[in-house]
**Q** 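Here's a structure for you.
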Amino acid sequence: MGRSPCCEKAHTNKGAWTKEEDQRLIAYIKAHGEGCWRSLPKAAGLLRCGKSCRLRWINYLRPDLKRGNFTEEEDELIIKLHELLGNKWSLIAGRLPGRTDNEIKNYWNTHIKRKLLARGMDPHTHRPLNAIAGAAISPAQPSPPAATAATTSRPAPPRRRHRRDGTSASTSTSPSAWRPTSRATTRR
DNA sequence: AACCTCATCAACCGCAAGGGA
DNA sequence: ATCCCTTGCGGTTGATGAGGT
């Protein structure tokens, strides 16, 4: 499989999107629809690579995004789907209208993992941790992730937490309302 | 009040798959 | 059948800021 550079790195912006960039992207997609990400940035007058545009659109700008707290039902559905599908975030997202794979993946890693650990369940196998710990002793079981998870990633609810706003950051904002990605950073 | 710790999440990277030439 | 290009996905990173000390 040939791999080609996704973009001319020298002439593209990275990091947080500006309001103007968002608006350009939205306007372009409204006018021309999604697709052809490779050529989109140029056509839309964006100094971004297509990959970045796609990600921004899918994860943040799409008008049908739900954005907001995951409900208890969604939590359980995610857990169930994860048990069935594993880390197939895009497939899981497909069953949760208005949610993106990135959002679900983040949510899994920050909330649900811990939730399962608190229940004494291994987030990878969805089996009771003690069962796995027992199995770990047997040579057949090659160091189960759970064991590490239980020890390295702090188990159950540590000392804090409460979402920035208690309602999930983006929550408050409507998808269309530009939220200053105040991480005004240039990464890497 | 100042400093420290760490949860959160937007955005990046690399790889794989799919499809057209 | 093979090559090349584009898109999509999963994993990871790191700035930010809330909450703890």
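Each chain gets a letter, A, B and so on, in the order its sequence line appears, and its residues count up from 1.
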**Q** Just compare C:dT12, B:dC13, B:dC12 and give me whichever is closest to any side-chain atom of A:Lys51.
**A**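 My answer, after comparing the listed nucleotides, is B:dC13.
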**Q** Not counting sequence neighbours, which residues clear side-chain contact (heavy atoms from CB on, under 4.5 Å) with A:Asn106? List them please.
**A**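 Residues passing side-chain contact (heavy atoms from CB on, under 4.5 Å) with A:Asn106: A:Asn102.
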**Q** Side-chain donor-acceptor pair under 3.5 Å between A:Tyr107 and A:Asp75, yes or no?
**A**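 A:Asp75 and A:Tyr107 do have a side-chain donor-acceptor pair below 3.5 Å.
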**Q** Where the side chain of A:Arg38 is concerned, which of C:dT6, B:dA10, C:dG10 is the nearest nucleotide?
**A**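 Looking only at side-chain atoms, A:Arg38 lies closest to C:dT6.
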**Q** Rounding to an integer number of Å, can you tell me how far A:Tyr60 OH sits from B:dA11 P?
**A**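 For the pair A:Tyr60 OH and B:dA11 P, the rounded distance is 8 Å.
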**Q** Classify A:Asn106 by what it touches in the nucleic acid, base, sugar-phosphate, or nothing, heavy-atom distance under 4.0 Å.
**A**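 If one applies the 4.0 Å heavy-atom cut-off, A:Asn106 turns out to touch a base.
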**Q** Is the shortest side-chain N/O distance from A:Ser90 to OP1 or OP2 of C:dC9 below 4.0 Å?
**A**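 Yes, within the criterion.
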**Q** Choose from B:dG14, C:dT7, C:dG10 the nucleotide whose nearest atom is closest to any side-chain atom of A:Trp89.
**A**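 Nearest to the side chain of A:Trp89 among the choices is C:dG10.
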**Q** Closest approach to the side chain of A:Asn87, judged atom by atom: which nucleotide of B:dT8, B:dC12, C:dG11 is it?
**A**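 The nucleotide sitting nearest to the side chain is C:dG11.
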**Q** Between B:dA7 and A:His111, is there an OP1 or OP2 to side-chain N/O distance shorter than 4.0 Å?
**A**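 No, A:His111 has no side-chain N/O under 4.0 Å of OP1/OP2 on B:dA7.
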**Q** Could you list all the salt bridge (charged side-chain N to carboxylate O under 4.0 Å, His left out) pairs where at least one residue sits in residues 84-102 of chain A, not counting sequence neighbours?
**A**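 Listed once each, the pairs are A:Glu74-A:Arg99, A:Arg99-A:Glu103.
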**Q** Starting at atom CD1 of A:Ile58, determine the distance to atom C1' of C:dG10, rounded to an integer number of angstrom.
**A**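 The distance from CD1 of A:Ile58 to C1' of C:dG10 comes to 15 Å, rounded to the nearest Å.
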**Q** Any donor-acceptor pair under 3.5 Å joining the side chain of A:Asn59 to the base of B:dA11?
**A**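 Result: no qualifying N/O pair found.
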**Q** Please give, in whole Å, the distance from B:dA10 C1' to A:Leu61 CG?
**A**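 Roughly 11 Å, once rounded to whole Å.
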**Q** Using a cut-off of less than 4.0 Å, is there contact between a side-chain N or O of A:Arg56 and OP1 or OP2 of B:dA11?
**A**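 Affirmative; the distance criterion is met.
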**Q** Specify the separation, in whole Å, of atom CH2 of A:Trp57 and atom C1' of C:dC9.
**A**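 Value for this atom pair: 20 Å.
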**Q** Can you tell me the pairing partner of B:dC13 across any strand shown, Watson-Crick or G-U wobble, with both distances under 3.5 angstrom?
**A**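 Per the H-bond distance test, C:dG10.
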**Q** Would you indicate which nucleotide in B:dT8, B:dC13, C:dG10 comes nearest to any side-chain atom of A:Lys88?
**A**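 Selected nucleotide: C:dG10.
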**Q** Measure up the A:His126 and A:His82 rings against each other and bin them: parallel (under 30°), tilted (30 to 60°), perpendicular (over 60°).
**A**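 The arrangement is tilted - the two ring planes meet at 30° to 60°.
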**Q** Could you tell me whether A:Asn102 contacts a base, only the sugar-phosphate backbone, or nothing, with contacts defined as non-hydrogen atoms closer than 4.0 Å?
**A**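 Counting heavy atoms under 4.0 Å across all strands, the contact made by A:Asn102 includes a base.
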**Q** Is any side-chain heavy atom of A:Ile26 less than 4.5 Å from a side-chain heavy atom of A:Trp57?
**A**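 A:Ile26 vs A:Trp57: side chains touch.
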**Q** If we only count heavy atoms from C-beta on, is the A:Pro128 to A:Asp122 side-chain gap below 4.5 Å?
**A**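 They are not in contact (no side-chain heavy atoms under 4.5 Å apart), so the answer is no.
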**Q** Please state how far atom CD1 in A:Ile104 lies from atom C1' in C:dC9, giving the value in whole angstrom units.
**A**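 Taking CD1 of A:Ile104 and C1' of C:dC9, I get 13 Å after rounding.
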**Q** Contact class for A:Lys105 (heavy atom, under 4.0 Å): base, sugar-phosphate, or nothing?
**A**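 The answer is base, as A:Lys105 lies within the cut-off (heavy atoms under 4.0 Å) of a base atom.
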**Q** Distance check needed: B:dA10 P versus A:Trp108 CH2, whole Å only.
**A**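 Going from CH2 in A:Trp108 over to P in B:dA10 covers 19 Å.
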**Q** Starting at atom CD of A:Glu21, determine the distance to atom C1' of B:dA11, rounded to an integer number of angstrom.
**A**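 The distance from CD of A:Glu21 to C1' of B:dA11 comes to 12 Å, rounded to the nearest Å.
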**Q** Return no unless some side-chain N or O of A:Arg54 is found under 4.0 Å from OP1 or OP2 of B:dA11.
**A**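 So the side-chain polar atoms of A:Arg54 never come under 4.0 Å of the phosphate oxygens OP1 or OP2 of B:dA11.
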**Q** Between B:dA10, C:dG10, B:dC12, which one does the side chain of A:Leu55 approach most closely?
**A**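 Output: B:dC12.
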**Q** Which nucleotide sits closest to the side chain of A:Trp17: C:dG8, C:dC9, B:dA11?
**A**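 Between C:dG8, C:dC9, B:dA11, the one nearest the side chain of A:Trp17 would be B:dA11.
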**Q** Quickly work out the A:Asn109 CG to C:dG14 P distance and round it to whole Å.
**A**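 Rounded to whole Å, this separation is 16 Å.
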